[in-house]
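First comes the structure, then the notes that go with it.
One-based numbering, in listed order, for ligands and for the atoms of each. Residue numbers run from 1 in the order of the sequence given. It should be emphasised that the depicted structure is a prediction, and the values quoted were computed from it without experimental measurement.
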Amino acid sequence: MATYVPPARTENPYLPLGDHRNAPFYGKDILSVRQFSREDLDYIFGVAKEMHAMVERVGTFDLLKGKILANLFYEPSTRTSSSFTSAMERLGGSVIPINEVRYSSVSKGESLPDTVRTLECYADVIVLRHPEVGASALAAKYARKPIINAGDGVGEHPTQALLDLFTILSELKRVNGLTVTMLGDLKYGRTVHSLARLLSLYEVRINYVSPEILRMPEEVKKELSEKGIPQAEYETLDEVLPETDVLYVTRVQKERFSDLNEYESVKHAYVITPETMTRAKDEMIVMHPLPRVGEISMEVDEDPRAAYFRQMEYGLYVRMALLAMVLGKA
Ligand code: ASP
Ligand code: CP
């Protein structure tokens, strides 16, 4: 195992890696982006930058040696589950993977509170993805160990929003002053619910582009207007594309529709192609939480403005930072 060498300090007000049991996130749950302040974000992104530097320098190191993460996924996942696994293992810890609850005692009828009370006997932190809004908050009520929300139905996906914001900062070097356009399924897409709320801590303009039936929930829009964020809604991208700095594309969430005919009517509402990109700024980025199912054509991947693959990598560093923080090591 490589020896830990602290990276060079920067002007960010974050603590160095090490033992920080009095640090603000030690033992805390991560349930909603509403729990974060601007100072928290600076701190998290500072630690994430350190993680990036460490991964480049040594790949894997021992900060969380002996710690165990339980990955409890009641819904499918590729990125979130594997990046949390990678994050834990790069920090020297290990993982209990429950990636398909069908094979666990959940299929015998075990409740969520009992399942988390079981896993916390064996693990130090639990990452939970569940189809119901508020499931992580319920789990946190019963668990003594930190719960990290990895997506609760159509509610939130806070760690995704943190990595999305970290992507914007890393790629465009600022958030204030940007125009962010969210496109696609804004009704059921939990990533945009979290990202819009997190962006409201900055001075941004937000455009929502969606079919009429998939508009951003009133509750989210209201929260943002109370913070004075300019928001506008459209059904086509044309009008807002030329002013957009961040185009955040989402998948129509088929699994959330009760009426599949309704899904069929909107599933191909928007497709980003190289032709679309000719009308976008030279300096802008296209993001997507992924998986994509046709909303961005593969020919766009070669465009340097396509940031969605880099976005996944930023997620590793943010999740390493979060694990180190809740376990008192950053
Ligand atoms: N992977 C993201 C989520 O779980 C986005 C998506 O599935 O479309 O919310
Ligand atoms: N972005 C995201 O949450 O991807 P997965 O659903 O594959 O975890």
With the threshold set at under 4.0 angstrom, would you say E75 reaches ligand 2 through any of its heavy atoms?
no

Decide whether the shortest distance between a heavy atom of H157 and an atom of ligand 2 is less than 4.0 Å.
yes

Among all protein heavy atoms in this structure, tell me which lies nearest to [atom], with the distance rounded to 0.1 Å.
{"atom": "atom 1 (N) of ligand 1", "value": "L290 O, 3.0 Å"}
{"atom": "atom 6 (O) of ligand 2", "value": "R129 NH1, 2.9 Å"}
{"atom": "atom 7 (O) of ligand 2", "value": "T78 N, 2.8 Å"}

Grab the two heavy atoms, one from P211 and one from Y270, that are nearest each other, plus how far apart they are.
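Looks like N-OH, 3.2 Å.
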
Shortest non-hydrogen contact from L224 toward A196:
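Reported closest heavy-atom pair: CD2-O, 3.5 Å.
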
So if I count the atoms of ligand 2 from 1 in the order they appear, which ones are less than 4.0 Å from some heavy atom of Q160?
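The atoms of ligand 2 under 4.0 Å from a heavy atom of Q160 are 1 (N), 2 (C), 3 (O).
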
Would you mind running through ligand 2 and noting each atom that sits below 4.0 Å from a heavy atom of L290?
1 (N), 2 (C), 4 (O)

Same hydrophobic cluster for I296 and L247, using side-chain heavy-atom links shorter than 4.5 Å among ILVMFWY?
yes

Does at least one non-hydrogen atom of [X] fall below 4.0 angstrom from an atom of ligand 1?
{"X": "T80", "result": "no"}
{"X": "R129", "result": "yes"}
{"X": "P291", "result": "yes"}

Residue pair K187, Q253: steps toward the side chain to side chain contact (heavy atoms under 4.5 Å, CB included) verdict
CA-CA 9 Å; K187 178 180 181 187; Q253 310 276 295; over 6 Å; no

Just wondering, are more than 12 heavy atoms of other shown residues or ligands nearer than 6.0 Å to CD in Q35?
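Enclosed: over 12 neighbouring heavy atoms sit under 6.0 Å from CD of Q35.
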
Take atom CD of E283 as the centre, draw a 6.0 Å sphere, and report whether it contains more than 12 heavy atoms from other residues, nucleotides or ligands.
no

Flag S81 as yes when one of its N or O atoms lies below 3.5 Å from any N or O atom of ligand 2, and as no otherwise.
no

Any N/O of E255 closer than 3.5 Å to an N/O of ligand 1?
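Among all N and O atoms of E255, none is under 3.5 Å from an N or O of ligand 1.
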
